[in-house]
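Both ligands and their constituent atoms are indexed starting at 1 by order of listing.
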Amino acid sequence: MKKRILTGITTTGTPHIGNYLGAIKPALKLANDFDESFFFLADYHAIIKNSNNNDIAESVKNIALAWLASGLDSKKSFFYRQSDVPEILELSWILNCVTAKGLMNRSHAYKAATALNSSDEDKGITMGLFSYPVLMAADILLFNATHVPVGADQIQHIEMTRDIAGRFNHLYKKTFELPEAVIQASQKIITGTDGRKMSKSYGNIIPLLSTEKVLKKSIAKIITNSLEPGVPKDPTDCSVFSLYSSFASKDEIKEFEQQYANGISWGDAKGKLFEAVNTEVTPVREKYMSLLSDTDLINDQLSDGSKKVREIAKEMLDSIRQSIGISSIR
Ligand code: TRP
């Protein structure tokens, strides 16, 4: 059996260093150990939360560029847009028909949304939000991915995918592999400028593809306590320190710890953090700048990618249609 790795990023907002450290970089590194890798832009997931069409189009471009600028080689992997592969949506409906509503009721994302409502718990909840995990299962199962690198917040979705796959296999015939979530042991939560998890919805991101000036500014915005220079500082629970340790070597982290004990000023600490982040993202930024105006190249790569994956998708879907009784009349 082929070992296939697959992951997607929902195309809302600007790619930030949380996406880079938490998803893009580890997925590209893992791809070396797999027979085939599938990386895609989850644009049909994006319309669930965001009805701003300009935002989505802009985000698709920037997230595609973030993958390419970070070293994705579209010759060695399958790189595509979810919306270019209609077989995913077709499978999504088929899976909807074997998915228990009760399973979806237990989704953390759905429960978090209903928890905000008082008298009518389903106020403002769309079927898109409710069945989000089914679309995600279709993304994964259509290609029989064996391993899915995701952030810890997505583990439940992979478990649901396994449930749905098992249900289909039981009702019809064994068709789907049960995929495994791959959570990097070293993957800790990447903190944003306010100390919470870096996320577009908290407005606390440090962008990946900005100019040096904007990068410096976002780092300057990181909230710290007000201890003066010369006063020893505590590296635990400190966003500056925590971010620095995602970019620095063990020795550099030790040295930074010593500087905290010696009372480094916040200005100098942020200066060091900027240098570390900037060293890592400079080649990504340069590649991004060189690709930015070449929209033909991005479109060509995505269109080649979808052509390649659709061959696999069609074959799989044909066999699924046979299994469920959607076939030619005999
Ligand atoms: N739901 C994922 C997220 O928001 C994105 C995603 C969509 C995904 N489909 C996927 C991730 C399939 C892995 C596999 O982060």
Side-chain angles (χ1 to χ4, degrees), residues 3-16 18-28 30-31 34 36-50 55-56 59-60 63-64 66-67 72 77-89 91-92 95-96 99 104 107-110 112-113 128-165 176-184 187 189-190 197-202 205 305-306 309 312-313 316:
K3 273 174 55 180
R4 284 178 166 168
I5 187 181
L6 175 146
T7 197
I9 297 184
T10 304
T11 55
T12 44
T14 321
H16 51 73
N19 299 134
Y20 173 75
L21 292 172
I24 300 178
K25 195 179 167 188
L28 291 177
L30 269 174
F34 283 79
E36 287 177 341
S37 45
F38 295 73
F39 301 125
F40 71 98
L41 308 166
D43 49 359
Y44 270 136
H45 274 106
I47 64 169
I48 293 171
K49 288 188 202 145
N50 194 338
D55 269 7
I56 291 178
S59 180
V60 166
I63 292 180
W67 276 110
L72 182 149
S77 50
F78 297 99
F79 180 50
Y80 55 99
R81 263 175 106 137
Q82 187 183 36
S83 60
D84 284 337
V85 187
E87 290 78 8
I88 297 172
L89 289 187
L91 179 58
S92 182
L95 297 180
N96 260 299
T99 302
M104 296 297 98
S107 152
H108 298 316
Y110 168 66
L129 176 73
F130 188 65
S131 55
Y132 175 113
V134 182
L135 179 55
M136 186 156 161
D139 290 331
I140 298 169
L141 299 177
L142 185 58
F143 301 107
N144 258 335
T146 53
H147 294 80
V148 186
V150 279
D153 59 321
Q154 297 290 319
I155 295 176
Q156 191 194 32
H157 293 147
I158 309 301
E159 282 164 2
M160 290 175 155
T161 300
R162 294 166 63 92
D163 263 352
I164 296 169
F176 300 123
E177 299 299 328
L178 305 194
E180 265 172 52
V182 185
I183 312 289
Q184 305 287 97
Q187 196 185 79
I189 294 193
I190 312 295
K197 180 188 170 195
M198 192 179 295
S199 159
K200 184 203 160 206
S201 47
Y202 293 148
I205 66 153
S306 68
V309 287
I312 305 174
M316 180 73 164

Undergrad: Counting from 1, what ligand 1 atoms have a heavy atom of Val148 closer than 4.0 Å?
TA: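 Every atom of ligand 1 under 4.0 Å from some heavy atom of Val148: 13 (C), 14 (C).
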Undergrad: Quick one: look up the protein heavy atom nearest atom 6 (C) of ligand 1 and list residue, atom name and how far away it is.
TA: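 Of the protein heavy atoms, Gly8 O, 3.8 Å lies nearest.
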Undergrad: Hey, can you tell me if Phe78 and Phe38 have their rings parallel, tilted or perpendicular (30° and 60° cut-offs)?
TA: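 Ring orientation of Phe78 relative to Phe38: parallel.
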Undergrad: Report the nearest protein non-hydrogen atom to atom 9 (N) of ligand 1: residue, atom name, distance rounded to 0.1 Å.
TA: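 Answer, as residue, atom name and distance: Asp139 OD2, 2.7 Å.
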Undergrad: For ligand 1, does Tyr44 get within less than 4.0 Å through its side chain, its backbone, both, or neither, judged by non-hydrogen atoms?
TA: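 For Tyr44, no heavy atom sits under 4.0 Å from ligand 1.
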Undergrad: Where do Thr7 and Pro149 come nearest, in terms of heavy atoms and distance?
TA: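 Looking at all heavy atoms of both residues, the shortest contact is OG1-O, 2.8 Å.
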Undergrad: Hey, which of Leu141, Thr146, Leu6 is the one that makes side-chain contact (heavy atoms from CB on, under 4.5 Å) with Pro179?
TA: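 Exactly one option meets the side-chain contact (heavy atoms from CB on, under 4.5 Å) with Pro179, and it is Leu141.
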Undergrad: Would you say that more than 12 heavy atoms from the other residues, nucleotides or ligands in this model lie under 6.0 Å from the OH of Tyr132, or not?
TA: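 Above 12, so yes.
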Undergrad: Would you mind telling me if ligand 1 is within reach of the side chain of Leu135, the backbone, both or neither, using heavy atoms under 4.0 Å?
TA: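 The answer is neither; Leu135 stays 4.0 Å or more away.
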Undergrad: For ligand 1, indicate whether the residue Gln154 contacts it via side chain, backbone, both or neither (heavy-atom separation under 4.0 Å).
TA: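 Side chain only; the backbone of Gln154 stays clear of ligand 1.
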Undergrad: For Met136 and Gln154, what are the C-alpha separation, side-chain angles and deciding distance, and is it a side-chain contact (heavy atoms from CB on, under 4.5 Å)?
TA: CA-CA 10 Å; Met136 186 156 161; Gln154 297 290 319; 3.4 Å; yes
Undergrad: Counting each atom of ligand 1 from 1 as listed, which ones have a heavy atom of Thr7 under 4.0 Å away?
TA: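 In order of number, 11 (C), 13 (C).
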Undergrad: How about Phe39 and Phe79: are their ring centroids closer than 6.0 Å?
TA: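 No.
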Undergrad: List ligand 1 atoms under 4.0 Å from Tyr132, heavy atoms only on the residue side.
TA: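 In order of number, 1 (N), 2 (C), 3 (C), 4 (O).
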Undergrad: Using every non-hydrogen atom in the two residues, find where His157 and Ser107 come nearest and quote the distance to one decimal.
TA: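 Nearest heavy atoms, His157 then Ser107: NE2-OG, 4.5 Å.
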Undergrad: Which of the numbered atoms in ligand 1 are under 4.0 angstrom from any heavy atom belonging to His45?
TA: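 Counting atoms of ligand 1 from 1, those under 4.0 Å from His45 are 7 (C), 9 (N).
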Undergrad: Using a heavy-atom cut-off of under 4.0 Å, does the side chain or the backbone of Val150 touch ligand 1, or both, or neither?
TA: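 Side chain only; the backbone of Val150 stays clear of ligand 1.
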